[in-house]
Amino acid sequence: QVQLVESGGGRVQPGGSLRLSCAGSKSRFSTFWVGWYRQAPGKQRELVASITPDGGAYYVDSVKGRFIISTDSTKDTAYLQMNSLKPEDTALYYCHSPLTTWGQGTQVTVSS
């Protein structure tokens, strides 16, 4: 199975922005949906956003209006643009698509 590779996490102050990247291969995101998930300490992993090959997007209520999911088929990469970050967005973020294994994730910490 394919493993996607996440990057772009870091530590930011509340109100800041980050852009996460998810590297795929072989036109994966032109064929399959991709989602961004997050898991905070002591909590279950949750789906934050997803996008289908035709551009249909889903966002969990807590990030609507702040996060934007996108894909670039020329780079086989999916992105999660995160704006107006809040401390409650702190978590390990993963990307996932059908027939892939879970990667290591990328840590996002929002703190002053």
Side-chain angles (χ1 to χ4, degrees):
Q1 287 190 326
V2 175
Q3 185 176 84
L4 305 177
V5 180
E6 305 94 345
S7 63
R11 186 184 189 98
V12 295
Q13 293 187 342
S17 297
L18 283 173
R19 188 177 77 159
L20 306 184
S21 298
C22 171
S25 63
K26 299 181 180 179
S27 301
R28 163 159 293 277
F29 305 130
S30 298
T31 306
F32 299 103
W33 63 267
V34 59
W36 282 97
Y37 295 74
R38 67 186 179 188
Q39 187 166 20
K43 295 188 177 182
Q44 288 189 333
R45 187 176 296 175
E46 68 168 344
L47 177 62
V48 175
S50 64
I51 189 166
T52 60
D54 63 359
Y58 159 84
Y59 298 94
V60 70
D61 285 347
S62 60
V63 308
K64 284 181 180 177
R66 300 189 297 122
F67 290 12
I68 301 171
I69 189 170
S70 63
T71 59
D72 184 338
S73 60
T74 64
K75 298 180 180 179
D76 288 327
T77 303
Y79 301 98
L80 185 67
Q81 177 67 44
M82 305 187 297
N83 302 317
S84 302
L85 283 162
K86 304 176 181 180
E88 51 264 43
D89 295 318
T90 295
L92 191 58
Y93 284 72
Y94 303 87
C95 61
H96 187 69
S97 184
L99 304 178
T100 66
T101 58
W102 292 94
Q104 299 297 311
T106 185
Q107 178 68 39
V108 172
T109 303
V110 185
S111 173
S112 55

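Since the structure is predicted, the reported quantities are computational estimates derived from the model, not experimental observations.
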Rounded distance (nearest 0.5 Å) linking atom [atom1] of [X] with atom [atom2] of [Y]:
X	Y	atom1	atom2	result
T106	L80	OG1	CG	11.0 Å
R45	R38	CZ	CZ	13.5 Å
D72	S21	CG	OG	10.0 Å
I51	I69	CD1	CD1	5.5 Å
M82	R19	CE	CZ	11.5 Å
C95	E6	SG	CD	4.0 Å

Give the cluster check for Y79 versus V5: same hydrophobic cluster or not, with ILVMFWY residues linked at side-chain heavy-atom distances below 4.5 Å. no
Determine whether L92 and V34 fall in the same hydrophobic cluster, where Ile, Leu, Val, Met, Phe, Trp and Tyr are linked whenever their side-chain heavy atoms lie under 4.5 Å apart. yes
Surrounding CD of Q39 (heavy atoms of other residues, nucleotides or ligands, distance under 6.0 Å), is the total greater than 12?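 Atom CD in Q39 is crowded, with more than 12 foreign heavy atoms closer than 6.0 Å.
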Within a reach of under 6.0 Å around CD of E88, are more than 12 heavy atoms found that belong to other residues, nucleotides or ligands? yes
Would you check, one step at a time, whether the test side chain to side chain contact (heavy atoms under 4.5 Å, CB included) holds for W102 with H96? CA-CA 7 Å; W102 292 94; H96 187 69; 3.6 Å; yes
Close side-chain approach of [X] to [Y], heavy-atom, < 4.5 Å:
X	Y	answer
L85	L18	yes
L99	V2	no
L47	V60	no

For the backbone of F67 and the side chain of Q81, can you confirm whether one donor and one acceptor N or O come within less than 3.5 Å of each other? no
Shortest non-hydrogen contact from A49 toward Y59: CB-CD2, 3.7 Å
Check F29 against T71 and note the closest heavy-atom contact, atom names and distance.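 It is CB-CG2, 4.0 Å.
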Qualifying side-chain hydrogen bond (donor to acceptor under 3.5 Å, both in side chains) pairs, either residue in residues 25-36, two or more places apart: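 Applying side-chain hydrogen bond (donor to acceptor under 3.5 Å, both in side chains) to every pair that reaches into residues 25-36, excluding sequence neighbours, yields R28-S97.
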For D61, is there an ion pair with K64 - N to carboxylate O distance below 4.0 angstrom?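 Yes.
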Within the 3.5 Å criterion, strictly below it, is a donor on S17 or N83 matched to an acceptor on the partner's side chain?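 Yes, side-chain donor-acceptor contact under 3.5 Å.
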Report the residues that fulfil side-chain contact (heavy atoms from CB on, under 4.5 Å) with R11, sequence neighbours left out, ordered by chain and then residue number.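 R11 satisfies side-chain contact (heavy atoms from CB on, under 4.5 Å) with T109, S111 only.
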